[in-house]
Amino acid sequence: MYQSVPQNLDFPELEKKIQKFWDENRIFQKLVARNRGSEKRFRFLDGPITANNPMGVHHAWGRTYKDLYHRYKAMQGHDARYQNGFDCQGLWVEVEVEKELGFKSKKDIEAFGIDNFVNQCKERVDKYSKIQTAQSKRLGFWMDWENSYFTMAPENNYAIWHFLKKCHDQGWIYKGYDVMPWCARCGIALSDMEIATEGYEEKTHKSVYIRLPIEGRDHEFLLVWTTTPWTLTSNVAVAVHPDFTYIKVKQGEEVYYLAKGRKEILKGEYQIVEELPGQSLVGLKYKGPFDYLPAQQGLKPRTVAWKDVTEEDGTGMVHIAPGCGKEDFALGRQEKLPVVAPLDEAGAYIEGFDWLTGKNVAEVAEDIIADLKKRGLLYYAHKYTHRYPVCWRCHSELVFRLVNEWFISMGPVYDKPYSQVTPEEKRNSLRYRIMDSVKTARWIPSFGEDREMDWLKNMGDWCISKKRYWGLALPIFECGCGHFEVLGGYKELRERAVHGWEKFQGHTPHRPWVDEVKIKCSKCGQPASRIPDVGNPWLDAGIVPYSTILPLEDCYTPDKEKSGKYRFDPDRGYPARREYWEQWFPAEFITECFPGQFRNWFYAILTMSTVLEGQTPFQTLLGHALVKDEKGEEMHKSKDNSIPFDEAADRIGADLMRWIFCCQNATQNLHFGYHNAAEFKRKLLTLHNIYSFYITYARLDGFSPAGRKPDQSRLTLLDRWILSELNLMVGAARESLDSYEAMSAAKRMEAFVEDLSTWYVRRSRRRFWKSESDSDKETAYLTLYACLETLVRLMAPMMPFWAEEIYQNLVRSVDPKAPESVHLTGYPAADESLIDRRLSEEMALVRKVVSMGHAARKESRIKVRQPLARLLYRGKSLEVWTVIEKYQDIIMDEVNVKAIGPIDDPDRLIRYKAKGLVSKLGPRYKNQANLVKETVPTMTSEQVKQLVQEGSFTLSLV
RNA sequence: GGGCCCAUAGCUCAGUUGGUUAGAGCGCGUCCCUGAUAAGGACGAGGUCAGUAGUUCGACUCUACUUGGGCCCA
């Protein structure tokens with residue numbers, strides 16, 4: 001017997017109930033068990049979520065897709081691994097732990113002890129991985145939550161070692177120098193990405209125009225501008241644009257050179273002496289602004305050509321300090337300029353800078369300006385406001401500092417399109433081999449491929465080091481003799497260790513424990529230490545296609561480590577269980593948020609996979625856009641418009657959230673908000689009402705379908721129509737989901753519900769009302785039941801809770817033989833025998849006729865309530881007549897007329913108009929089609945009538 | 001400077017091989033229903049599909065350029 005349906009559709013409440021039902025009856029475990037060992041597999045690879053904070057609503061989007069396709073495949077009997085991943089290591093976690101502990105700088109961390117600090121980081125990951133697990137369950141995300149992978153696992157780190165060694169064997173690993181944005185407070189270099197996200201603020205600085213005497217030309221100066229006077233100590237060149245026009249101006253005794261387009265910066269009266277091309281100013285020697293500093297001795301500052309000089313600000317003569325600026329450094333490399341790097345890690349001047357040595361860069365601007373003035377080099381100084389990079393953690397202004405980092409060489413870029421690169425050239429350039437991998441995968445949307453290719457073509461070498469604490473211990477051992485080696489795993493470390501092994505043994509390969517181990521330099525025999533750097537976290541996430549595809553019980557989780565169930569087997573090679581791995585590699589499907597990942601996770605897995613296996617680790621990649629707030633603005637905790645996952649789950653429920661994500665075009669940003677959600681809910685209410693309608697009357701009648709299907713011979717036209725629509729929809733939905741197009745599947749379902757409600761149920765209500773139980777009533781019940789039952793299974797992967805809620809009452813309560821859960825049923829397949837395309841078309845025509853009837857009533861202001869004698873129609877073809885006749889009962893009822901018939905006196909009532917069908921006219925008349933199309937409507941009513949009667953009419957084109 | 005995406009009704013968005021009158025929801029107007037009712041339904045108004053040029057018998061759809069917005073790289 002059916003339970004009555006509550007009036008309100010309360011997602012959070014029903015979800016709690018269903019969750020309990022799933023847990024108590026171990027539904028997920030039963031589903032897994034049912035499909036285990038099946039020949040059909042769904043090979044999915046999860047991109048790890050950073051276990052560092054509670055989830056926001058934006059996390060729920062991708063996770064909805066992950067769950068939806070898993071469930072869809074599982075209902076079809078596919079086996080899967082259901083492995084979720086947590087990203088554990090990296091600065092993100094360190095920053096939060098530092099905040100918790102109230103730390104301000106690296107000094108605080110070192111005073112606290114690296115071991116203590118690293119343990120705190122592990123604790124944090126442990127804590128938030130548990131929170132995210134609970135939240136994911138709340139979303140209805142069915143994963144094997146006991147066996148998630150953690151990127152901090154020894155397997156993961158050692159697998160990266162293996163990868164790095166392989167790179168080193170090819171000679172790709174090198175120690176390089178670059179100028180990086182640097183936070184003097186935190187003592188770290190920041191990546192461009194860290195700055196791009198929220199790293200700029202409006203700042204006012206003292207900027208200076210200075211004059212630099214040209215050697216061998218008396219009283220002639222280069223006029224140069226900078227917003228960062230502290231970098232003048234490291235000036236080695238001045239850049240001019242070779243194609244700009246420069247001017248030589250006279251002010252009193254002095255002669256200045258600057259770009260013509262920047263003359264408004266000159267102070268006071270001046271005369272233009274000469275105009276000259278920038279090219280003619282290249283190669284001049286000048287006296288550097290701080291040539292008296294020890295660090296500046298022996299440099300020969302000169303002017304160089306540079307196409308990036310602009311005329312938007314400054315003087316068109318750009319101060320170049322390769323030790324203090326990224327672009328400067330790149331130009332310096334090209335021009336072979338010397339590099340003067342003035343700052344230490346804390347932002348203080350190093351030895352060799354005279355009175356500046358020991359002073360902090362943040363405090364020297366005024367002194368430097370005074371010094372320039374004293375020496376007669378200052379033209380003038382002024383305040384200048386601009387957007388300046390700051391540290392996203394502590395908001396200190398960043399400086400640019402020369403640092404040494406470790407890189408993986410990505411190989412040369414050839415000056416030609418990818419398609420023209422030869423196999424030989426590809427062998428010599430990793431980046432093109434990665435491109436080959438990219439090309440073998442399917443990217444949804446397809447422009448993702450273009451963007452990845454563009455990134456690969458333009459990317460620099462991969463900077464893999466970071467001067468921090470919590471992360472992959474880079475297995476690079478550097479000896480005092482200059483030689484360095486890369487170790488490929490635990491075994492090699494054990495074999496090569498000459499010192500400190502006992503202090504490391506039993507620990508995870510993290511700082512500070514692993515730092516204790518010294519090896520013997522294979523070149524000079526002296527002990528070599530590991531470099532203190534930790535790894536780029538994208539190495540951690542990039543290795544997961546190799547390190548995490550293990551039998552699930554072998555996967556590392558912090559709990560297992562604590563309980564002793566987890567045992568790291570140091571003798572495992574790569575990949576840990578090759579036979580098992582081969583069954584699940586490559587992933588057939590991955591899905592993540594698009595922006596950012598082209599150069600992060602996608603890039604990392606592609607690169608590592610190309611190096612290790614020479615192929616892509618995934619076959620299909622589905623990318624989705626970002627979640628914004630209701631107004632389309634970025635969600636920010638500080639802006640008070642961000643929505644935590646828990647809040648949304650409590651307020652609107654997981655299923656409504658999931659449905660919103662399913663209805664969204666994956667390539668477009670989603671505007672998430674509660675007003676919007678209410679609209680989606682109202683749409684879903686239609687289905688709720690249909691379900692409620694069915695249950696209400698079935699209860700009254702004591703009706704039970706108990707697995708029966710409607711008797712074909714008793715189906716009414718309307719029954720046959722809705723069953724046809726149902727099966728058409730089932731086919732379309734499957735097709736969409738097979739190509740990972742959730743939106744079209746969702747929209748199709750929504751349209752069906754609309755048809756079911758406004759046409760089938762509304763028109764069939766009386767059949768349910770009548771008091772006697774006859775076969776027609778039963779047929780109506782069984783038809784509506786078939787629609788609901790199928791629909792519920794169809795929607796189950798998208799809205800798993802609600803589908804279960806309905807299924808339990810609709811199906812299970814009256815049929816104990818039915819599967820225990822909707823998720824243990826099969827995914828509906830279209831029954832071709834019930835599809836009647838002609839019927840669908842006919843019904844569409846009928847609905848059109850009804851609509852026109854209503855419109856005609858409205859126009860004459862005659863309410864539907866008032867019956868009319870007859871509806872007259874005139875169809876353009878015999879088929880229309882037939883159809884109208886066939887369905888005249890429906891039409892008469894809907895439009896409320898007593899009779900219906902063809903117009904018997906067409907001449908009096910009908911005026912004919914003709915119109916050209918461009919799809920037919922085009923191919924037939926080609927060039928003249930347009931003329932025909934324009935002429936046809938000029939035909940008189942009589943002419944059209946003749947055309948209709950005789951089948952042809954000759955029309956002359958003017 | 002290079003690459004990618006977007007621009008369709010007041011708002012949020014659909015529109016997959018180019019082809020009748022370009023669609024939906026919300027909002028708006030006019031009504032209906034009152035046996036799915038703290039619901040539901042009908043009809044209607046509203047669009048030079050950013051602009052220009054091209055390809056084509058035919059372009060919202062393809063190509064080029066322009067403008068505006070967003071992202072990535074330099």
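Reckoned from all heavy atoms, side chains included, excluding hydrogens, waters and symmetry mates. Below, chain A is the first sequence line, B the second, and so on; all start at residue 1. The structure displayed is predicted, hence computed values, not measured ones.
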Give [X] one of three labels, base, sugar-phosphate or nothing, depending on what nucleic acid heavy atoms sit under 4.0 Å from its own.
X	answer
Met459(A)	nothing
Lys683(A)	sugar-phosphate
Trp455(A)	sugar-phosphate
Tyr697(A)	sugar-phosphate

Distance in angstrom units between [X] [atom1] and [N] [atom2], rounded:
X	N	atom1	atom2	answer
Ile444(A)	rU16(B)	CD1	P	17 Å
Leu684(A)	rG40(B)	CG	P	12 Å
His675(A)	rC11(B)	NE2	P	18 Å
Met453(A)	rC73(B)	CE	P	18 Å
Gln668(A)	rC71(B)	CD	P	15 Å
Glu754(A)	rG41(B)	CD	P	6 Å
Arg865(A)	rC33(B)	CZ	C1'	9 Å
Gln664(A)	rU12(B)	CD	P	13 Å

Any idea which of [options] is nearest the [X] side chain?
X	options	result
Ser757(A)	rA36(B), rU30(B), rC72(B)	rA36(B)
Asn689(A)	rA39(B), rC13(B), rC73(B)	rA39(B)
Ser851(A)	rC5(B), rU16(B), rC43(B)	rC43(B)
Lys747(A)	rA14(B), rG40(B), rC31(B)	rA14(B)
Thr758(A)	rU12(B), rG41(B), rC4(B)	rG41(B)
Lys863(A)	rA36(B), rA14(B), rC32(B)	rC32(B)
Ala855(A)	rG25(B), rC4(B), rC43(B)	rC43(B)
Arg451(A)	rC4(B), rG25(B), rG40(B)	rC4(B)
Arg599(A)	rC13(B), rC73(B), rG25(B)	rC73(B)
Asp454(A)	rG3(B), rG41(B), rA38(B)	rG3(B)

Taking the [atom1] atom in each of [N] and [M], what is the distance between them to the nearest angstrom?
N	M	atom1	answer
rU56(B)	rG19(B)	C1'	12 Å
rG68(B)	rG25(B)	P	35 Å
rG15(B)	rG23(B)	P	15 Å
rC60(B)	rA22(B)	C1'	8 Å
rU48(B)	rC4(B)	P	30 Å
rA45(B)	rU52(B)	P	27 Å
rG1(B)	rU8(B)	P	26 Å
rC13(B)	rC49(B)	C1'	14 Å

Would you say a side-chain N or O of [X] is under 4.0 Å from OP1 or OP2 of [N]?
X	N	value
His854(A)	rC31(B)	no
Arg765(A)	rA36(B)	yes
Asn665(A)	rA14(B)	yes

Tyr694(A)-Tyr2(A) aromatic ring centre distance below 6.0 Å
yes
I'd like to know whether the aromatic ring centres of Tyr432(A) and Tyr414(A) sit less than 6.0 Å apart in this structure.
yes
From CA spacing to verdict: salt bridge (charged side-chain N to carboxylate O under 4.0 Å, His left out), Arg837(A), Glu842(A)
CA-CA 9 Å; Arg837(A) 287 187 174 76; Glu842(A) 288 175 355; over 6 Å; no
Between rA39(B) and Ser692(A), counting only base atoms on the nucleotide and side-chain atoms on the residue, is there a donor-acceptor pair under 3.5 Å?
no
When the ring planes of [X] and [Y] are compared, do they come out parallel, tilted or perpendicular, using 30° and 60° as the limits?
X	Y	value
Tyr65(A)	Trp61(A)	tilted
Tyr781(A)	Phe703(A)	parallel
Phe244(A)	His241(A)	parallel

Exceeds 12 heavy-atom contacts within 6.0 angstrom, atom CD of Glu735(A):
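Check fails, neighbour count at 12 or below.
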Partners of Tyr603(A) by ring-ring contact (aromatic ring centres under 6.0 Å, His included), sequence neighbours excluded?
Trp455(A), Trp462(A)
N/O donor to acceptor pairs below 3.5 angstrom from side-chain atoms of residues 743-756 of chain A, sequence neighbours left out:
unit_1    : atom_1 : unit_2    : atom_2 : d
Ser744(A) : OG     : Glu741(A) : O      : 3.4
Asp755(A) : OD1    : Arg847(A) : NH1    : 3.1

Let me know, please, whether Lys631(A) or Phe693(A) comes out on the 5' side of the other along RNA chain B by nearest nucleotide.
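Here Lys631(A) is the residue nearer the 5' end.
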Specify the residue among His688(A) and Arg861(A) whose closest nucleotide of RNA chain B lies further upstream toward the 5′ end.
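Its nucleotide being nearer the 5' end, the pick is Arg861(A).
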Would you tell me whether Glu725(A) and Ser840(A) have side-chain atoms, one donor and one acceptor, within less than 3.5 Å of each other?
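Short answer, yes.
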Given Watson-Crick or G-U pairs with both distances under 3.5 Å, what dot-bracket string fits RNA chain B, with | for other-strand pairs and [ ] for crossing?
(((((((..((((.....[...)))).(((((.......))))).....(((((..]....)))))))))))).
